[in-house]
Amino acid sequence: DGALRVDVYDLAGRRVRAVLSDRAVSGGYDPAWDGTDDEGSLVPPGMYLIRVEIDVDRGVVTRLQPVAVAY
């Protein structure tokens with residue numbers, strides 16, 4: 001039962017979209033990003049980083065995964 005965040009960043013390190021911010025509970029999660037920023041505008045084509053951060057008993061665990069956007 002820790003904090004769970006999923007955010008999208010551009011390669012300059014700027015957060016483009018907050019996808020999920022919630023309390024983590026047991027079970028599966030399937031958050032989806034629709035290629036838009038926080039204002040609802042489509043992001044430019046290119047590479048982005050999906051950052052998943054969860055607060056667990058041992059501390060905060062963070063994973064980064066690249067994703068490509070093409071139109």
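Along the sequence shown, residues are numbered consecutively beginning with 1.
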Could you tell me which residues satisfy side chain to side chain donor-acceptor pair (under 3.5 Å) with D34, sequence neighbours excluded, listed by chain and number?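 Counting only residues at least two positions away or on another chain, D34 forms a side chain to side chain donor-acceptor pair (under 3.5 Å) with R17, T36.
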In chain order, what residues pass the side chain to side chain donor-acceptor pair (under 3.5 Å) check against D38, with sequence neighbours excluded?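 Scan of D38 (side chain to side chain donor-acceptor pair (under 3.5 Å), adjacent residues dropped) gives R15.
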Worked verdict on L4 versus V52 for side chain to side chain contact (heavy atoms under 4.5 Å, CB included): CA-CA 7 Å; L4 171 65; V52 178; 4.2 Å; yes
Could you list the donor-acceptor pairs under 3.5 angstrom formed by side chains in residues 56-71, with sequence neighbours left out?
unit_1 : atom_1 : unit_2 : atom_2 : d
Y71    : OH     : V43    : O      : 2.9

Please report, to 0.1 Å, the donor-acceptor pairs under 3.5 Å made by any side chain of residues 44-51, with sequence neighbours excluded.
unit_1 : atom_1 : unit_2 : atom_2 : d
Y48    : OH     : P44    : O      : 2.7
R51    : NH2    : E53    : OE1    : 2.7

Not counting sequence neighbours, which residues clear salt bridge (Lys or Arg N to Asp or Glu O under 4.0 Å) with D10? List them please.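 For D10, the residues satisfying salt bridge (Lys or Arg N to Asp or Glu O under 4.0 Å) (neighbours in sequence not counted) are R14.
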Answer with yes or no whether the hydrophobic clustering places Y9 together with V19; edges join I, L, V, M, F, W, Y residues whose side-chain heavy atoms lie under 4.5 Å apart.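 Y9 does not cluster with V19.
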Testing the basics here: between A3 and R23, what is the closest heavy-atom pair and its distance to 0.1 Å?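 Scanning both residues completely, I find the closest heavy atoms to be N-NH1, 3.6 Å.
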